[in-house]
Amino acid sequence: MDTNMKTPGILEDVRIKLSALWVSMMLLYIYADILSLFRPGQVEEMIDGRMGPFPVTQGSLLTASILMIIPAVMVFLSLALKPKAGRWANITLGALYTLVNISNLIGETWIYYLSFGVVEIVLALLIIWHARKWV
């Protein structure tokens with residue numbers, strides 16, 4: 001069997017897995033945030049102009065937007081980038097989002113949110129693991 005014929009299938013498989021992992025992580029972010037709205041005092045915090053411990057400002061909303069734009073764009077880029085660039089982007093951003101997800105859990109006491117966070121960390125680590133196989 002010609003190994004060159006086999007490589008594109010493996011490459012496509014890794015791309016699809018990476019894209020699916022980014023989608024899964026985004027869905028978890030959305031559902032965790034929606035469920036958070038039901039926590040006592042959450043709506044009042046929003047009305048008071050607070051986003052967790054941070055005041056709502058143009059800068060804090062821009063930062064939150066960028067943190068959500070990156071995984072959304074990675075859904076596409078995981079499929080579209082050339083292998084070397086895709087591998088680098090997924091490993092780097094997977095590591096970044098592992099740290100972001102860990103930092104989101106610092107001081108957290110709600111079990112549902114901790115559950116979401118742990119799964120998000122696992123997904124980010126799986127992104128790194130699958131991207132390492134990308135040649």
Only pairs under 3.5 Å count here: list side-chain donor-acceptor contacts from residues 50-59, not counting sequence neighbours, and write none if there are none.
| unit_1 | atom_1 | unit_2 | atom_2 | d |
| --- | --- | --- | --- | --- |
| Thr57 | OG1 | Gly59 | N | 3.3 |
| Thr57 | OG1 | Ser60 | N | 3.0 |
| Thr57 | OG1 | Ser60 | OG | 3.4 |

List, one per line, each side-chain donor-acceptor pair under 3.5 Å for residues 115-131, sequence neighbours excluded.
| unit_1 | atom_1 | unit_2 | atom_2 | d |
| --- | --- | --- | --- | --- |
| Ser115 | OG | Ile111 | O | 2.9 |

Original post:
Looking only at heavy atoms, what is the nearest atom pair of Met74 and Ala89, with distance?
Top reply: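 Reported closest heavy-atom pair: CE-CB, 4.0 Å.
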
**OP:** Could you tell me which non-hydrogen atom of Ser78 sits nearest to which non-hydrogen atom of Arg15, and how far apart they are?
**Re:** O-CG, 3.3 Å

Determine all donor-acceptor pairs shorter than 3.5 Å in which one atom belongs to a side chain in residues 32-43; sequence neighbours excluded.
| unit_1 | atom_1 | unit_2 | atom_2 | d |
| --- | --- | --- | --- | --- |
| Ser36 | OG | Ala32 | O | 2.8 |
| Ser36 | OG | Tyr112 | OH | 2.7 |
| Arg39 | NH1 | Glu108 | OE2 | 3.3 |
| Arg39 | NH1 | Tyr112 | OH | 3.3 |
| Arg39 | NH2 | Glu108 | OE2 | 3.3 |

To the closest 0.5 Å, what do you measure between [atom1] ([X]) and [atom2] ([Y])?
X	Y	atom1	atom2	value
Glu45	Ile47	CD	CD1	11.0 Å
Leu93	Leu18	CG	CG	11.5 Å
Asp48	Glu44	CG	CD	8.0 Å
Ile70	Leu96	CD1	CG	6.5 Å

Original post:
Using a distance-only test with no angle check, is there a side-chain donor-acceptor pair under 3.5 angstrom linking Asn101 and Tyr29?
Top reply: yes

Following the transitive rule for hydrophobic clusters with a side-chain heavy-atom cut-off under 4.5 Å over Ile, Leu, Val, Met, Phe, Trp and Tyr, establish whether [X] and [Y] coincide in one cluster.
X	Y	result
Ile30	Met68	no
Ile66	Leu77	yes
Leu21	Leu27	yes
Leu62	Leu67	yes
Met25	Leu28	yes

Original post:
In terms of ring plane angle, is the pair Trp22 and Tyr97 parallel, tilted or perpendicular, where the classes change at 30° and 60°?
Top reply: perpendicular

**OP:** Spell out, as yes or no, whether a donor-acceptor pair under 3.5 Å connects the side chain of Ser19 to the backbone of Val75.
**Re:**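 A pair under 3.5 Å: yes.
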
